[in-house]
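Below, chain A is the first sequence line, B the second, and so on; all start at residue 1.
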Protein chains: 4
Amino acid sequence: MGGPVDVSGDQLRTIVERIEHVEKEISELTEGKREIYQEAKSNGFDPKVLREIVRLRKQDQKERDEHESLLEVYLRAINGACVSKAA
Amino acid sequence: MGGPVDVSGDQLRTIVERIEHVEKEISELTEGKREIYQEAKSNGFDPKVLREIVRLRKQDQKERDEHESLLEVYLRAINGACVSKAA
Amino acid sequence: MGGPVDVSGDQLRTIVERIEHVEKEISELTEGKREIYQEAKSNGFDPKVLREIVRLRKQDQKERDEHESLLEVYLRAINGACVSKAA
Amino acid sequence: MGGPVDVSGDQLRTIVERIEHVEKEISELTEGKREIYQEAKSNGFDPKVLREIVRLRKQDQKERDEHESLLEVYLRAINGACVSKAA
DNA sequence: ACGCAACGCATCCGCC
DNA sequence: GGCGGATGCGTTGCGT
């Protein structure tokens with residue numbers, strides 16, 4: 001224990017403040033999101049269904065990405081060494 | 001300080017021990033799972049591919065379930081009040 | 001089937017896109033946050049401790065706010081509910 | 001194409017099923033755990049406190065002390081930030 | 001040993 | 001004000 005810790009004090013403070021700043025921005029955006037849902041609801045849209053739609057679209061995209069990488073894994077497994085006894 | 005506290009004390013102890021017991025069982029099973037993977041690997045199976053397979057099967061099942069409940073949501077939305085202006 | 005449905009369809013699409021947009025912004029900021037932690041770590045800071053600090057400071061701030069508003073309530077009660085800032 | 005592949009296929013299927021079985025058991029135990037907490041709650045125990053107790057009992061005393069002192073050092077560094085290179 | 005990913009936990013918000 | 005669901009955090013386990 002000694003000097004280095006003290007030296008880090010300023011760095012530490014900067015880091016923490018940067019994190020806090022970005023977290024503040026995130027929570028503001030989250031708030032904005034909530035307002036969009038509220039507004040939609042007041043226009044007669046069911047928030048639950050809206051969330052479901054958003055969720056599904058996100059998931060579909062993700063699956064597409066995964067299938068791609070999965071394919072890669074399988075191809076490598078076939079070319080490589082999936083099973084030793086079947087070699 | 002008197003009886004009631006002691007009664008709660010016993011109950012509390014029982015509860016905590018039950019939880020700890022089930023957690024112990026879980027960690028033992030987790031250990032067993034790890035061993036299965038190890039064994040499979042020593043038999044020449046690529047653990048990564050195995051995990052991918054397990055994961056996919058789980059996901060497929062999940063999706064099936066979700067689609068079901070999703071369908072329900074949509075049907076209710078149609079019968080109910082998804083949009084007021086389009087009514 | 002006719003106009004009203006299309007109108008709702010457009011509204012719906014707009015809503016969904018707005019939500020997706022704000023979610024994209026959020027995930028970008030989250031990414032930025034991750035990078036800050038990474039950078040800090042590479043400078044020798046323990047991320048876990050950093051997170052703990054951020055968490056504690058948030059909590060302290062919250063308590064401070066609560067305390068402040070409580071104080072305000074008390075002061076207003078004393079003054080007879082006419083002062084806004086305890087001036 | 002012939003025997004060996006089929007043999008591997010059977011092995012593979014067996015492995016996957018064994019894994020899925022143990023995972024099923026795990027999730028059932030997890031469910032049981034949840035029920036214990038529910039039951040405790042309905043008997044007037046605060047789940048949060050229960051979890052804390054379990055957590056504390058699990059946690060190694062020594063590690064806790066180390067973590068605590070490290071945190072303290074950091075907090076002092078942030079409040080202080082006084083020295084530049086050697087205390 | 002590090003980084004990534006999945007799981008479970010704690011918190012928060014909306015609903016009842 | 002309690003409850004359930006959704007979101008974000010933290011932890012643990014896995015692969016590299």
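One finds no salt bridge joining Lys48(D) and Glu52(D) here, because no Lys/Arg side-chain nitrogen approaches an Asp/Glu carboxylate oxygen to under 4.0 Å. Here Glu17(B) pairs with Arg13(B) in a salt bridge; the nearest charged N to carboxylate O distance falls below 4.0 Å.
We find that CG of Leu29(D) is positioned 11 Å from P of dG8(E), with the value rounded to whole Å. The nearest whole Å value for the distance from the CZ atom in Arg51(B) to the C1' atom in dT12(F) is 13 Å. With rounding to whole Å, Glu52(D) atom CD is found 15 Å from dT11(F) atom C1'. Protein atom CD of Gln38(B) is 10 Å distant from nucleotide atom P of dG15(F), rounded to whole Å. The nearest whole Å value for the distance from the CG atom in Leu56(C) to the P atom in dC9(F) is 15 Å. Distance CD (Glu31(C)) to C1' (dG8(F)): 16 Å, rounded to an integer number of Å. In this entry the distance linking CD1 of Ile26(C) with P of dT7(F) reads 11 Å, nearest Å. Separating the OH atom of Tyr37(C) from the P atom of dC9(F) is a distance of 9 Å, rounded to the nearest angstrom.
Among all heavy-atom pairs drawn from Tyr74(D) and Val49(C), the shortest one is CD2-CG1, 2.8 Å.
Within the 4.0 angstrom heavy-atom criterion, no nucleotide atom of any strand lies near Lys62(B). As judged by a 4.0 angstrom heavy-atom cut-off over every strand, Lys33(D) is placed among residues touching the sugar-phosphate backbone only. At the heavy-atom level, Thr30(D) lies under 4.0 Å from the strands shown only through sugar-phosphate atoms. As judged by a 4.0 angstrom heavy-atom cut-off over every strand, Lys41(C) is placed among residues touching the sugar-phosphate backbone only.
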task: Evaluate side chain to side chain contact (heavy atoms under 4.5 Å, CB included) for Leu50(B) paired with Leu12(D), printing each intermediate quantity in order.
output: CA-CA 8 Å; Leu50(B) 287 177; Leu12(D) 179 60; 3.3 Å; yes

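Between Arg34(A) and dG14(E) there is a side-chain polar atom (N or O) within less than 4.0 angstrom of OP1 or OP2.
Residue Lys58(C) is the one, among Lys58(C) and Pro47(B), whose nearest nucleotide of DNA chain F lies closer to the 5' end (criterion: closest heavy atom). Position along DNA chain F of the nearest nucleotide to Lys48(B) versus Lys48(C) favours Lys48(C) as the more 5'-ward residue.
Between Ile36(B) atom CD1 and Glu31(B) atom CD the span is 11.0 Å, to the nearest 0.5 Å.
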